[in-house]
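Take a look at the structure below.
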There are 2 protein chains.
Amino acid sequence: MNLLTRNTDYAVRALIYMSGKHPERVSTADLDRDLHLPRPFMRKILQILQKAGYLASVKGKNGGFTLAKVPSRIHLTELIALFQGPVSMGDCLFRKKLCDCADGCPLRRVIKGIEAMALARLKSVTLASLTGA
Amino acid sequence: MNLLTRNTDYAVRALIYMSGKHPERVSTADLDRDLHLPRPFMRKILQILQKAGYLASVKGKNGGFTLAKVPSRIHLTELIALFQGPVSMGDCLFRKKLCDCADGCPLRRVIKGIEAMALARLKSVTLASLTGA
DNA sequence: TTGTAATGATACCATATAAGTATCATTTGT
DNA sequence: ACAAATGATACTTATATGGTATCATTACAA
Ligand code: FES
Ligand code: FES
């Protein structure tokens, strides 16, 4: 059960790389050269990050991307949400409820508890904390 | 991000049904009739549960399955492991480590903490707790 | 003793999602 | 004008999940 899909993984790597180069521009060619990640895939990911406001882009020759937010304001949970949909296990785990018990369900209670705890802790993980800054 | 896949889901439903009928035998035909779950798929799932020791089976006419463990000894985590592989997010989330930091990695620390907590709580969820017994 | 209703074992197919590629248009520095 | 970059978007491939099908075996019962 993998918590992160590959695009999230790659996105984080790219962002870390960029935070290291900042405020220098970084192109997909640079990432390809230094990180060896599939280039057109990377390109797609960067475009998504740009649209979402994490990166600023400059077109044309010598163009590229730069970080548009400070690393301490980029939360891993947001990136997961962006690439994999919202991190929420709050609903009934089963496709169709097992129990009628709106609140009595023990499984549901347990899951909700876990979720709250997990989200709270995950929120502390930012790009800054990953770079050790 | 769904925590349970469909075979786990169906397995739990079947087990709950059987715990209700116990010690009466239950056939896939019964499950099909009462639970309306895809019959041959269900069959496969029951066979897995049987091999894993959760069900006892009787072949031939009027054959079927019965629970082979008491509901309080059937843990949801075991079923998840059986159908979806081990529930362990202990490893580095990224395919290839981001940081060299064997222990310094903040993400890793957070994840490990979440895992320990989640597993501890999930262990309390058994078939018995789901049936309200 | 033969037919039928069940499971055992296992191979196969279908569908959805993730992963990755390709293409053409647009922008910009030289 | 050309080259090197991104923007937008469509397409293809790989993998995992979900689901079927088939044949063998067992057991009851008329
Ligand atoms: S509401 Fe889903 S198991 Fe109780
Ligand atoms: S060991 Fe994986 S991010 Fe640190």
Side-chain angles (χ1 to χ4, degrees), chain A residues 1-14 18 21 24-33 35-68 79-80 82-86 94-96, chain B residues 1-14 18 21 24-33 35-68 79-80 82-85 93-96:
Chain A
M1 195 182 51
N2 226 330
L3 190 48
L4 299 188
T5 59
R6 220 167 275 194
N7 36 24
T8 311
D9 183 332
Y10 293 172
V12 172
R13 289 169 196 279
M18 289 185 179
K21 295 288 187 184
E24 200 179 319
R25 268 180 217 151
V26 174
S27 69
T28 51
D30 297 329
L31 290 170
D32 187 17
R33 175 169 29 72
L35 264 41
H36 309 292
L37 304 176
R39 188 161 169 171
F41 191 29
M42 203 62 235
R43 225 159 94 63
K44 196 163 69 169
I45 291 168
L46 293 178
Q47 291 187 346
I48 292 171
L49 287 171
Q50 188 273 326
K51 271 189 195 169
Y54 295 98
L55 299 178
S57 70
V58 175
K59 290 173 79 170
K61 194 158 186 172
N62 300 322
F65 299 88
T66 52
L67 264 189
L79 297 174
I80 294 177
L82 182 59
F83 289 103
Q84 317 182 22
F94 299 93
R95 320 257 151 175
K96 206 184 146 215
Chain B
M1 194 183 50
N2 226 329
L3 190 47
L4 299 188
T5 60
R6 220 166 275 197
N7 36 22
T8 310
D9 182 332
Y10 292 173
V12 172
R13 288 168 197 279
M18 289 186 179
K21 294 288 186 183
E24 198 179 321
R25 267 180 218 151
V26 174
S27 69
T28 50
D30 296 330
L31 290 169
D32 187 17
R33 176 168 29 73
L35 264 44
H36 310 292
L37 306 175
R39 189 161 169 171
F41 191 30
M42 204 61 235
R43 228 158 93 63
K44 196 162 70 171
I45 291 168
L46 294 178
Q47 292 187 345
I48 292 172
L49 288 171
Q50 188 272 325
K51 271 190 194 165
Y54 295 99
L55 298 178
S57 70
V58 175
K59 289 174 79 172
K61 195 158 183 173
N62 298 321
F65 300 87
T66 53
L67 263 190
L79 297 175
I80 294 177
L82 182 60
F83 290 103
Q84 315 181 25
L93 289 187
F94 299 93
R95 320 256 153 178
K96 206 183 148 220

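Letters go in sequence order (proteins before strands), and every chain restarts at 1. Predicted model only: the values in this text are computed from it and were never measured.
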To the nearest Å, give me how far apart [atom1] ([X]) and [atom2] ([N]) are.
| X | N | atom1 | atom2 | result |
| --- | --- | --- | --- | --- |
| A:L37 | C:dG20 | CG | C1' | 12 Å |
| A:Q50 | D:dA8 | CD | C1' | 12 Å |
| B:R39 | D:dG19 | CZ | P | 16 Å |
| B:K51 | C:dA9 | NZ | C1' | 7 Å |
| A:Q47 | C:dA25 | CD | P | 16 Å |
| A:L31 | D:dT6 | CG | P | 9 Å |
| A:F41 | D:dT9 | CZ | P | 18 Å |
| A:D9 | C:dG20 | CG | C1' | 15 Å |

Considering all heavy atoms, the nearest [X]-[Y] contact:
| X | Y | answer |
| --- | --- | --- |
| A:L35 | A:R13 | CD2-O, 4.0 Å |
| A:D32 | A:L37 | OD1-O, 3.7 Å |
| A:Q50 | A:F65 | CB-CE2, 4.2 Å |
| B:S27 | B:G63 | CB-O, 4.0 Å |

So does [X] get a side-chain nitrogen or oxygen closer than 4.0 Å to the phosphate oxygens (OP1/OP2) of [N]?
| X | N | answer |
| --- | --- | --- |
| A:Y10 | C:dA19 | no |
| A:T28 | D:dT6 | yes |
| A:T5 | C:dT17 | no |

(request) Return yes if the base of C:dG8 and the side-chain atoms of B:R43 contain a donor-acceptor N/O pair under 3.5 Å, otherwise no. (result) yes

(message) Restricting to salt bridge (Lys or Arg N to Asp or Glu O under 4.0 Å), what partner residues turn up for A:R25, sequence neighbours left out?
(response) none

(request) For B:G64 and for A:G60, find the nucleotide of DNA chain C with the closest heavy atom, then tell me which residue's nucleotide is more 5'. (result) B:G64

(request) Could you pick out which residue, A:N7 or A:N62, lies toward the 5' side of DNA chain C when each is mapped onto its nearest nucleotide? (result) A:N7

(message) Taking any heavy-atom pair under 4.0 Å as a contact, classify B:P38: base, sugar-phosphate, or nothing.
(response) sugar-phosphate

(request) Select base, sugar-phosphate, or nothing to describe what A:K44 touches, counting heavy atoms under 4.0 Å on all strands. (result) base

(request) Side chain of B:K61 only, please: which of C:dA19, D:dT6, C:dT4 is the nearest? (result) C:dT4

(request) Ignoring the backbone of B:K59, work out which of C:dT27, D:dG19, D:dT25 is nearest its side chain. (result) D:dT25

